[in-house]
Amino acid sequence: MPFQYYENQKAWRDISAFLPEGYRIDETKQGTVPEEYFISWRNFQIHIDRYPNRGAPAKVIMLHGVGGNGRLLAFAGVPLASKGYELICPDLPGYGLSIVDKRKVLYTDWADLVCHLVHTELKRDNRPVFLFGLSAGGMLAYQVATKCSSIKGIIATNLLDQRIQDVRDHSAGNIIISRLGIAGLNLLSGINGEALLPMKALANLKAIVNNEALMKIMLKDPSSSGTKVPVNFVRSLIGYEPEIEPENFKIPVLLVHPEVDNWTPVKISKIFFDRIGSEKSLVMLQNAGHFPIEQPGLDQLRDSVTAFLENHCLH
């Protein structure tokens, strides 16, 4: 299958149009357009958006969730690039333009891939590496950091521990799916664990953004919220065990949680966040939804993340 690139894709441009100026990719403005390339990893070809800056004091690997892709992280990537940071935004397996056999993808592939990217960046040079996670990418950032102690800090918009029933109840598309839980997924896996299911049927993706027109675009986009995932992916996501529980975690954490998150409200993230034993802080993004495109939340996201990076770059 030939490589495809976002420069030839329409969906992300339609989504980007909902972002304020200064938070979207603009081909007329230097520094806002990422480089696109692929890396071979395992049996996958992983697409990466990179905002390069050899003089940056730090690098941030940015992780999307189950309704996005690396290109849609431009809302945070563009302003951070303008602040002088280097960003790496992969399309995690099963999403975006990465070339994979979707039936074979597991959540463990996500964690292993991000660890690979961390080690690759640390070998490239000695600049510190941070992780930024949107939605389910927030918990992924934490899980990876428990495997990679060299991470300097993690930033998350949500921290959703899917091992907890209350978290699953909010995340799932409906209460029936939620209550099926591990037992139901184990049963489905035994029948056909590679069966592909629409992510929008499994998760409450109608609440991914607080703009109905944008929500409809995202749900139709097969590279983001409109994708399908195998039963085994969901099973491995829910059952994933971090190597370190939060009480023993040592890496600084910034939770930048949307104030008007109609999918997973802050109380759901705080179940996990309140247990974290390391240095941590919480910033509420005013007027912002789960996919935080609203002001003043976007400015607060940019400023708080920039301050966090500046504070921990040299520590």
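As the structure is a computational prediction, the values presented were derived from the model and not from experiment.
- Looking only at distances, no side-chain donor or acceptor of Lys147 sits under 3.5 Å from a matching main-chain atom of Glu243.
- Contact detail for Cys313 and Ala58: the closest heavy-atom pair is SG-CB, 3.5 Å.
- A pairwise comparison of heavy atoms in Lys102 and Pro222 identifies NZ-O, 4.1 Å as the closest pair.
- Using a 4.5 Å cut-off on side-chain heavy atoms (C-beta onward), Val60 and Phe130 make contact.
- Note: the hydrophobic cluster containing Tyr37 also contains Leu113 (ILVMFWY, side chain heavy atoms under 4.5 Å, direct or indirect links).
- Inter-residue side-chain proximity for Ser223 and Trp12 is flagged as unmet; no heavy-atom pair is nearer than 4.5 Å.
- Residue Ile61 holds its CD1 atom at 13.0 Å from CD1 of Ile154, rounded to the nearest 0.5 Å.
- Side chains of Pro296 and Asn287 form a contact here, defined as non-hydrogen atoms less than 4.5 Å apart.
- Heavy atoms only, all atoms of each residue included: Ile25 and Ser16 are closest at N-OG, 4.2 Å.
- Interatomic distance, OG1 of Thr306 versus CG of Leu80, reported as 5.0 Å (0.5 Å rounding).
- Atom CD of Glu21 is surrounded by 12 or fewer heavy atoms from other residues, nucleotides or ligands within 6.0 Å.
- At a threshold of 4.5 Å between non-hydrogen side-chain atoms, the residues Leu197 and Phe233 do not count as touching.
- Phe132 contributes atom CZ, which lies 14.0 Å from atom OH of Tyr85 (distance to the nearest 0.5 angstrom).
- Using a cutoff of 4.0 Å between basic side-chain nitrogens and carboxylate oxygens, Lys59 and Asp125 are scored as salt-bridged.
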> What do the steps show when you test Lys83 against Glu310 for salt bridge (Lys or Arg N to Asp or Glu O under 4.0 Å), and what is the final call?
Replying inline: CA-CA 10 Å; Lys83 291 290 186 179; Glu310 290 176 350; over 6 Å; no
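- Residue Tyr107 forms a side-chain hydrogen bond (donor to acceptor under 3.5 Å, both in side chains) with just one option from Arg235, Gln162, Gln143, and that option is Gln143.
- The closest side-chain donor-acceptor pair between Gln4 and Asn8, if any, does not fall under 3.5 angstrom.
- Here the two rings, on Trp110 and Tyr95, have centers that are under 6.0 Å apart.
- Nearest heavy-atom pair, Asn262 versus Asn204, reported as atom, atom and distance to 0.1 Å: O-ND2, 4.5 Å.
- Using modelled atom types, one finds a donor on one side chain and an acceptor on the other under 3.5 Å when comparing His257 with Ser269.
- Considering only heavy atoms from C-beta on, Glu245 comes within 4.5 Å of Arg275 through its side chain.
- With hydrophobic clusters built from ILVMFWY side chains whose heavy atoms lie under 4.5 angstrom apart, Leu160 does not share a cluster with Val260.
- Salt bridge annotation for Glu241-Arg163: present, with a cationic side-chain nitrogen under 4.0 angstrom from a carboxylate oxygen.
- Under the 4.5 Å side-chain heavy-atom criterion for Ile, Leu, Val, Met, Phe, Trp and Tyr, Leu106 and Val229 are members of distinct hydrophobic clusters.
- Cluster annotation: Leu196 is not connected to Phe44 through the hydrophobic network of ILVMFWY side chains, with a link wherever side-chain heavy atoms come within less than 4.5 Å.
- When only modelled atom types and interatomic distance are considered, Ser225 and Lys220 share no side-chain donor-acceptor pair under 3.5 Å.
- With respect to the salt-bridge test (charged N to carboxylate O, under 4.0 angstrom), the residues Glu212 and Lys206 do not qualify.
- Annotation for Lys228: atom NZ does not count as buried by contact number, only 12 or fewer foreign heavy atoms lying within 6.0 Å.
- Side-chain atoms of Leu131 and Val118, non-hydrogen and from C-beta on, do get closer than 4.5 Å to each other.
- One side chain, Glu279 or His312, offers a donor N or O that lies under 3.5 Å from an acceptor on the other.
- Here SG of Cys148 is found 8.0 Å from CG of Leu122. Values are rounded to the nearest 0.5 Å.
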> Does the pair Phe291 and Phe75 meet the rule for a ring-ring contact (aromatic ring centres under 6.0 Å, His included), with working shown?
Replying inline: CA-CA 9 Å; Phe291 182 31; Phe75 79 94; 5.3 Å; yes
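- A salt bridge links Asp299 with Arg302; the closest basic N to acidic carboxylate O contact falls under 4.0 Å.
- When the side chains of ILVMFWY residues are joined at heavy-atom separations under 4.5 Å, either directly or via intervening members, Phe308 and Leu298 end up in a single hydrophobic cluster.
- The structure places CG of Leu159 at 5.0 Å from CG of Leu255, a figure rounded to the nearest 0.5 Å.
- The residues Arg50 and Glu86 are annotated as salt-bridged, a charged nitrogen and a carboxylate oxygen being separated by less than 4.0 angstrom.
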>> Checking Gln300 against Val256 for the side chain to side chain contact (heavy atoms under 4.5 Å, CB included) test, could you report, in this order, the C-alpha distance in whole Å, the side-chain angles of both residues, the deciding distance, and whether it holds?
In response: CA-CA 9 Å; Gln300 293 169 331; Val256 280; over 6 Å; no
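- Checking His64 against Ser135 by side-chain atom types alone, no donor-acceptor pair falls below 3.5 Å.
- Using a cut-off of 4.0 Å between Lys/Arg side-chain N and Asp/Glu carboxylate O, Arg13 and Glu7 are scored as not salt-bridged.
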>> I'd like to know whether Ser98 forms a side chain to side chain donor-acceptor pair (under 3.5 Å) with Gln45, so could you lay out the CA-CA distance, the side-chain angles of the two residues, the decisive distance to 0.1 Å, and finally the verdict.
In response: CA-CA 6 Å; Ser98 290; Gln45 298 294 324; over 6 Å; no
>> What verdict does the side chain to side chain contact (heavy atoms under 4.5 Å, CB included) test give for Val78 and Tyr23, after you've listed the backbone C-alpha separation in whole Å, the side-chain angles of each residue and the deciding distance to 0.1 Å?
In response: CA-CA 6 Å; Val78 168; Tyr23 289 88; 5.8 Å; no
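- Side-chain N/O atoms of Ser224 and Asn69 include no donor and acceptor closer than 3.5 Å.
- With contacts defined as side-chain heavy-atom distances shorter than 4.5 Å, the pair Trp263/Ile208 qualifies.
- We find that Arg42 and Asp112 are joined by a salt bridge, their nearest charged nitrogen and carboxylate oxygen being less than 4.0 Å apart.
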>> Could you go through Leu92 and Val114, starting from their C-alpha distance and side-chain angles, then the distance that decides it, and tell me whether this counts as side chain to side chain contact (heavy atoms under 4.5 Å, CB included)?
In response: CA-CA 9 Å; Leu92 298 171; Val114 179; 4.0 Å; yes
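- Considering all non-hydrogen atoms of both residues, Ser278 and Ile276 come closest at OG-CG2, 3.3 Å.
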>> Could you go through Leu73 and Leu63, starting from their C-alpha distance and side-chain angles, then the distance that decides it, and tell me whether this counts as side chain to side chain contact (heavy atoms under 4.5 Å, CB included)?
In response: CA-CA 8 Å; Leu73 292 170; Leu63 310 174; 5.6 Å; no
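- Atom CG of Asn43 sits in a sparse spot, with 12 or fewer heavy atoms from other residues, nucleotides or ligands closer than 6.0 Å.
- For the residue pair Tyr51 and Cys89, the shortest heavy atom distance occurs at CE1-SG, 4.0 Å.
- Side-chain contact, Thr32 with Asp26: no donor N or O sits under 3.5 Å from an acceptor N or O.
- Note that CG of Leu134 is 12.5 Å distant from CD1 of Ile155, once rounded to the nearest 0.5 Å.
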> Given Asp91 and Tyr6, is the side chain to side chain donor-acceptor pair (under 3.5 Å) satisfied, shown in steps?
Replying inline: CA-CA 11 Å; Asp91 284 344; Tyr6 283 111; 2.8 Å; yes
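- You'll find the side chain of Arg24 stays beyond 4.5 Å of the side chain of Phe18, heavy atoms only.
- Ring centers of Tyr5 and Phe38: under 6.0 Å apart, within the cut-off.
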